[in-house]
Amino acid sequence: MILLDGKKVSERVLDDVKERVEHLDKKPFLNVILVGNNPASIIYVNNKRKAAEKIGIRTNIIEFPCDVDEKTLLDTIDELNKDNSVTGIMVQLPLPEHINKNNVIKSILPQKDVDGFHPENVGKMVLGLEPYFYPATPQGILMLLDEYKINPEGKHAVVIGRSNIVGKPMSQMLLNRNATVTVCHSYTPNLDEIIKTADILISAVGKKIVRCKMVKKNSVVIDVGIFRDANGKLTGDVDFDIVSSSCGFISPVPGGVGPMTIASLMYNASKVYC
Ligand code: NAP
């Protein structure tokens, strides 16, 4: 079994991005909007800021209280869209329930939508056109596969989870790479049987769902899930100890998809379109 070392690969990607930033005429300037005081969101935003600053990307975090109204957010994004010094805009999710997330996402200029969630960027990805940005987590997973020379073409890829940020874009991006893709979700019957047929298995659920020796021999297993177990330890969707004895490649949690997501986001943040 070969460990897909996201920590090591992400460091190489970040070195490349740093070098690319050094040679840019117009320097990237990432603006992150944070609403409320969700502890996980605060950690994610701080991690993004630290990663960006390490590679020479200037950042600005704009904080709002959790009762901010939607119009204030949209007006702020409008100003950032018009500000020529701003090259990237991100809104940390989740947003409070009174704010329509889709209105916020679609108000960001697609050329500054470093998360790749704007309908224009998603639509281009689906049509096989080049979007300004691909969503960070699936793009980071493809970077990891590429690094280990794992080509999805002609393979059966099974994606568990269909969220807009991971499962759906992941399945589309694998399809664009000529994989045969099966997407599973909470209504999928016979999940275990489908998992057994995967050459590439990508699990993005947030529950311990891939257990026992139920994966195909020599398959590639990518664990996107990250959550704390009953003892408070960070863990993923895959029972690593058991599954790693049957598969060919596996990404650990932590140290797999997590650091690749950050590196991929920084790759996006280094792109300057306006
Ligand atoms: P999400 O929006 O909650 O989506 C979870 C998906 O799992 C849904 O599509 C759901 O199906 C499906 N699901 C739930 N129970 C299932 C079951 N028993 N069998 C099959 N499918 C099931 O989550 P997300 O945002 O995609 O994130 C998924 C996990 O990845 C979380 O642990 C998150 O923390 C982690 N994550 C990690 C990174 C990273 O960088 N490492 C990045 C993003 C997310 P339905 O659609 O039918 O409800």
Side-chain angles (χ1 to χ4, degrees), residues 4-7 9-11 13-14 38-48 50-52 90-95 97 101-102 105 114-117 122 133-145 157-174 181-198 201-212 214-215 221-230 232-240 250-269:
L4 298 170
D5 189 341
K7 194 164 179 300
V9 177
S10 68
E11 282 163 10
V13 173
L14 285 170
N38 175 334
S41 293
I42 293 171
I43 292 171
Y44 289 142
V45 168
N46 279 331
N47 287 346
K48 286 168 193 171
K50 277 191 218 149
M90 284 181 47
V91 178
Q92 183 64 44
L93 300 176
L95 288 170
E97 284 198 353
K101 178 181 76 176
N102 291 329
I105 290 172
V114 289
D115 269 328
F117 296 158
V122 176
F133 302 98
Y134 288 97
T137 300
Q139 175 174 254
I141 290 169
L142 288 184
M143 286 172 171
L144 189 62
L145 294 180
V158 172
V159 179
I160 318 176
R162 54 170 168 178
S163 69
N164 288 344
I165 62 166
V166 189
K168 277 186 205 155
M170 186 76 256
S171 43
Q172 187 60 55
M173 287 164 79
L174 286 163
V181 183
T182 302
V183 186
C184 303
H185 45 76
S186 66
Y187 293 83
T188 303
N190 306 326
L191 181 66
D192 292 4
E193 292 306 311
I194 298 170
I195 288 174
K196 281 182 197 156
T197 66
L201 176 69
I202 302 197
S203 186
V205 175
K207 291 179 201 162
K208 197 61 82 192
I209 203 154
V210 185
R211 290 156 283 103
C212 324
M214 63 194 210
V215 301
V221 177
I222 303 284
D223 192 348
V224 186
I226 186 154
F227 54 96
R228 293 199 182 270
D229 67 13
K233 193 174 156 232
L234 271 187
T235 189
D237 293 357
V238 178
D239 189 334
F240 185 90
I250 187 166
S251 72
V253 176
V257 175
M260 288 309 300
T261 296
I262 291 276
S264 160
L265 192 63
M266 292 305 118
Y267 170 77
N268 281 356

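We number each residue from 1, following the sequence as shown. Worth saying up front: this structure is predicted, and the values here are computed from it rather than measured. Every number for a ligand or one of its atoms is a count from 1 in the order of the listing.
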Between Asn268 and Gln139, a side-chain donor and acceptor under 3.5 Å: yes

Heavy-atom donor-acceptor pair, Ser264 side chain to Thr137 backbone, under 3.5 Å: no

Interatomic distance, Asn102 atom CG to Asn164 atom CG [nearest 0.5 angstrom]: 7.5 Å

Proximal protein residues to ligand 1, non-hydrogen atoms under 4.0 angstrom: Thr137, Ile160, Gly161, Arg162, Ser163, Ile165, Val166, His185, Ser186, Tyr187, Leu191, Ala204, Val205, Gly206, Lys207, Ile209, Val224, Gly225, Ile226, Val257, Gly258, Thr261

Expected output: side-chain Asp223 to main-chain Val238 donor-acceptor under 3.5 Å: yes

Full working for side-chain contact (heavy atoms from CB on, under 4.5 Å) between Phe240 and Ile250: CA-CA 8 Å; Phe240 185 90; Ile250 187 166; 3.6 Å; yes

Within 6.0 angstrom of Lys208 NZ, more than 12 heavy atoms from elsewhere: yes

